[in-house]
Amino acid sequence: MPTVGVKRDLLFQALGRTYTDAEFDELCFEFGLELDEITSEKEIISREQGDSKASGASDIILYKIDVPANRYDLLCLEGLVRGLQVFKNNHKSKICTAAVRPHAVAAVLRNITFTQERYDSFIELQEKLHQNICRKRTIVAIGTHDLDTISGPFTYTAKPPGDISFKPLNQTKEYTATELMSLYKTDSHLRHYLHIIEDKPVYPIIYDSNGIVLSMPPIINGNHSKITLNTKNVFIECTATDLTKAKIVLDMMVTMFSEYCAEPFTVEKAEVVYPDGKTCIYPELAYRKEKLSGEFINRKVGINESTEKIAQLLTRMCLRSQATGVGDEIEVEIPPTRSDVIHACDIMEDAAIAYGFNNIPRTTPRTYTIANQLPLNKLTELLRQDLAAAGFTEALNFALCSQEDIADKLGKKISETRAAHISNPKTAEFQVARTTLLPGLLKTIAANRKMPLPLKLFEISDVVLKDETKDVGARNSRRFCAVYYNKNPGFEVIHGLLDRTMQLLKVKPAHGDGYHIQAVDDSTFFPGRCAEIFVHGNSVGRLGVLHPDVINRFELTMPCSALEMDIEPFL
C-alpha cells in the first residue's frame with residue numbers, strides 16, 4: 001500500500017477542524033485508511049541517520065497514512081482532504097468542467113496559485129503516480145511545464161539519441177541524449193528509468209514551436225520550462241504505452257490541482273493531432289453511470305437498509321447516487337477521480353465502508369467447516385519444542401541473502417545452487433532467495449561472538465529452489481538446520497542431535513527401512529568429516545565439521561559442526 005506523508009497542521013487546516021491523534025486514527029479507519037505513523041522530519045532523520053544529522057530539521061508533526069493501491073485520488077493532501085470532507089458530509093463533490101470532454105494526453109491549468117506546500121504536493125503526487133499506476137514510468141510518464149516560457153503548438157516525435165541536445169532539469173549546460181544516459185547512470189533517482197528507452201534506436205522528445213525541448217520522456221524534463229512557485233499557467237503532458245492509463249493519470253493531476261486555479265475546478269482543453277489527421281481533445285474527465293439493486297448491496301454486505309439510505313452512503317464516498325424509483329434500483333455516478341470503480345462489487349465495497357465495518361451485524365457463516373493445521377506446520381511446531389528442549393536456541397533469519405552467502409562463502413558456485421535471483425535487488429545483502437539455512441545461522445553466530453561458549457543454534461524454515469515442474473518455476477522446501485560452535489568441533493553433539501531428531505520422527509537406525517549416514521565429499525565441510533543422511537534409501541541432508549575456509553569467510557574463529565536436512569519426507 002502506498003504511504004502518503006502529510007503535515008498534520010496543514011491537514012487539519014484544510015479539513016476545517018482539529019482532531020486528536022486517536023480521533024483522526026478512528027476517522028481513517030472509518031474511511032478505509034490506516035494512520036500508520038505519527039512522526040516528524042527530525043525524528044525520521046534521527047532514526048535513519050543519527051541524532052547529529054537531525055539537528056536543524058523540522059519538528060512539524062507528520063501523519064503517515066496508508067492508502068489503498070487503487071485509490072489514486074488519495075495520493076496527495078488535496079485528494080485526501082476532499083475525500084474525507086465528502087465522507088463527513090462537509091463538502092459537496094464538485095465537477096471539473098472543461099470546455100470539451102473527450103480523451104487525452106495533455107491539458108492546461110490556467111491562473112493557478114502555488115504556495116510552497118501546494119508546490120510540494122504537486123511534485124509529490126507526480127512521484128506517487130509514477131511509482132503506482134505508471135509502474136515506474138514504464139506505462140505513463142508525466143511532464144509538467146511553465147506554459148509562459150514556451151509556445152505551442154507542441155510536437156511529440158522521436159529522434160536518434162545523437163540528434164537530441166538540450167539543457168536538462170537542474171543542469172547548467174546542454175547534453176546530447178547519449179551523454180545524458182551516461183550522466184544519469186550514477187543518479188540514485190533517474191538511473192532506474194534509463195532501461196525503458198536506453199536500447200531503443202530513437203528516443204521520444206517533445207518540442208515547442210521554437211524548437212525548445214520540453215522533455216525527453218520518460219527520463220527528464222528540460223530546464224527551460226521548469227515550474228517554480230511563480231508559475232501561473234501549467235502545461236501537463238502525459239506520454240504513455242497505454243492510453244487508458246494516460247487518461248487516468250491526466251484526469252488525476254487536473255482534478256486534484258484545478259481547485260487552486262483562479263476559477264476553481266476548471267481545466268483548459270488540449271487538442272492532439274495524430275499523424276493520420278485524427279484529432280482528440282483532452283482531458284476526457286468522463287463521468288459514467290452504473291445501475292445496481294439495493295438488494296445486491298444488502299445481501300453482499302450483510303445489512304438491511306433502504307434504497308435511499310444506501311444512496312446516501314454511496315454519496316459519502318464521492319459516488320453521487322440516487323434511487324431511480326424503479327423497484328430498488330440505484331443509479332450511481334462515477335466521477336473521473338474514481339478510476340478504481342470498475343465493477344458493481346467496487347460500489348458495494350464503498351457502501352460497506354460508509355456503513356462502517358464495525359456496524360455490520362455479526363452472523364454465523366452458512367457453510368460450516370473445521371479448520372486444521374497444515375501437517376507440515378504441525379510437524380515443524382512439534383520439532384521446535386523438542387529441539388529447544390535439547391539445549392538448542394532457535395534463530396529466525398531473512399529468506400533473502402547475497403549470492404556470496406550461499407555460494408562463495410560455502411565453497412560452491414552460484415550456478416550449482418538452483419537459486420531464484422531478484423531481478424533488481426536494492427542491496428547486496430538481498431540478491432537471491434536462500435537455498436540453504438546454514439549461512440543465516442553462521443551470520444547469527446558471527447553477530448553474537450561475545451556470548452559465552454558453546455553456541456548451539458537451530459532453525460526450521462523454508463528455502464527456495466528452482467523447479468521447472470512448478471507453474472512459477474520454483475518451490476519452497478522446509479529445512480531443519482543446526483550448528484554447534486565451540487573450542488572443539490563437537491561433531492558428536494550434532495550427531496547426537498540427529499539421532500534425537502530421528503527418534504522423535506520415529507525412524508529407526510537401520511539400512512533400508514530406517515536411517516543411516518554415509519561418508520561423502522562436500523566443499524563446505526572438512527575433508528573426511530562429512531556424511532550424507534539417508535532415510536528409507538533416499539538422501540535428505542548432510543552433517544559434518546565445517547571447512548576452516550568457510551568458518552573464516554563468516555568471520556568466525558572457532559571450529560563449528562553443522563547439520564541440515566529436509567523434513568518434508570517425514571510427513
Side-chain angles (χ1 to χ4, degrees), residues 2 4-7 10-11 13-16 65 67 71-86 91-99 101 104-134 140-150 169 214-215 221 225-240 245-270 282-287 318 335-340:
V4 179
V6 294
K7 295 178 180 178
L10 203 61
L11 176 65
Q13 179 183 341
L15 288 172
I65 303 170
V67 175
R71 289 297 302 269
Y72 315 123
D73 58 314
L74 302 179
L75 291 174
C76 62
L77 171 68
E78 290 72 17
L80 196 61
V81 168
R82 195 177 305 163
L84 289 172
Q85 285 182 329
V86 173
H91 180 90
K92 298 299 181 184
S93 182
K94 293 190 173 89
I95 299 175
C96 290
T97 55
R101 253 194 211 173
V105 286
V108 174
L109 294 178
R110 287 281 183 189
N111 298 315
I112 193 169
T113 301
F114 280 121
T115 62
Q116 186 63 54
E117 290 77 13
R118 292 174 184 177
Y119 177 84
D120 292 342
S121 183
F122 186 72
I123 300 301
E124 186 178 4
L125 176 60
Q126 292 179 60
E127 190 57 34
K128 293 286 186 186
L129 290 171
H130 274 149
Q131 297 302 314
N132 197 298
I133 185 177
C134 300
V140 184
I142 310 165
T144 54
H145 312 275
D146 188 334
L147 186 60
D148 295 330
T149 65
I150 48 182
L169 193 64
L214 275 68
S215 68
N221 287 350
S225 57
K226 177 180 178 180
I227 287 181
T228 67
L229 291 178
N230 298 321
T231 297
K232 286 297 178 185
N233 300 301
V234 178
F235 176 64
I236 303 172
E237 43 87 3
C238 296
T239 56
K245 293 290 194 296
K247 290 189 286 186
I248 292 173
V249 170
L250 186 67
D251 285 353
M252 217 55 64
M253 289 295 298
V254 299
T255 53
M256 292 301 107
F257 287 89
S258 58
E259 67 176 90
Y260 299 134
C261 293
E263 188 179 345
F265 301 102
T266 59
V267 183
E268 185 174 316
K269 65 183 180 181
Y282 301 108
E284 196 172 59
L285 296 174
Y287 287 75
C318 297
T337 54
R338 293 301 307 275
S339 60
D340 59 298

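In this chain, residues are counted from 1 in sequence order.
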If I take atom [atom1] from residue [X] and atom [atom2] from residue [Y], how far apart are they, to the nearest 0.5 angstrom?
| X | Y | atom1 | atom2 | result |
| --- | --- | --- | --- | --- |
| L80 | Q85 | CG | CD | 10.0 Å |
| C76 | M253 | SG | CE | 8.5 Å |
| E78 | Y260 | CD | OH | 3.0 Å |
| T337 | I248 | OG1 | CD1 | 11.5 Å |
| Q126 | Q131 | CD | CD | 12.5 Å |

Apply side-chain contact (heavy atoms from CB on, under 4.5 Å) to E127 and I123, showing your working.
CA-CA 7 Å; E127 190 57 34; I123 300 301; 5.8 Å; no

Mind checking whether [X] and [Y] have side chains closer than 4.5 Å, heavy atoms only?
| X | Y | result |
| --- | --- | --- |
| T231 | D148 | no |
| S258 | T266 | no |
| I112 | K232 | no |
| K245 | C134 | no |
| V4 | L74 | no |
| L214 | N221 | no |
| V81 | L11 | yes |
| N233 | L109 | no |

I'd like to know whether L250 forms a side-chain contact (heavy atoms from CB on, under 4.5 Å) with E284, so could you lay out the CA-CA distance, the side-chain angles of the two residues, the decisive distance to 0.1 Å, and finally the verdict.
CA-CA 9 Å; L250 186 67; E284 196 172 59; over 6 Å; no

Between [X] (side chain) and [Y] (backbone), is there a donor-acceptor pair under 3.5 Å?
| X | Y | value |
| --- | --- | --- |
| E268 | F235 | no |
| S121 | E117 | no |
| R338 | C318 | no |
| H130 | I142 | yes |

Determine whether R82 and E259 satisfy the following criterion, salt bridge (Lys or Arg N to Asp or Glu O under 4.0 Å), listing intermediate values before the conclusion.
CA-CA 10 Å; R82 195 177 305 163; E259 67 176 90; 2.6 Å; yes

Could you go through T239 and V140, starting from their C-alpha distance and side-chain angles, then the distance that decides it, and tell me whether this counts as side-chain contact (heavy atoms from CB on, under 4.5 Å)?
CA-CA 6 Å; T239 56; V140 184; over 6 Å; no

Quick test of your reading of the model: are R110 and E263 salt-bridged, counting only N-O distances below 4.0 Å?
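Judged by the 4.0 Å cut-off on N to carboxylate O distance, R110 and E263 do not form a salt bridge.
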
Hey, mind stepping through V108 and L147 against side-chain contact (heavy atoms from CB on, under 4.5 Å) and telling me if it holds?
CA-CA 8 Å; V108 174; L147 186 60; 3.7 Å; yes

How far apart are the closest heavy atoms of [X] and [Y], and which atoms are they?
| X | Y | result |
| --- | --- | --- |
| I227 | Y119 | O-OH, 3.3 Å |
| G79 | M256 | CA-SD, 3.3 Å |
| H145 | S215 | CE1-CB, 4.0 Å |

Under a plain distance cut-off of 3.5 Å, with no hydrogens placed, do D146 and S225 share a side-chain donor-acceptor pair?
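No.
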
For F122 and F114, what are the C-alpha separation, side-chain angles and deciding distance, and is it a ring pair (Phe, Tyr, Trp, His ring centres under 6.0 Å)?
CA-CA 9 Å; F122 186 72; F114 280 121; 5.4 Å; yes

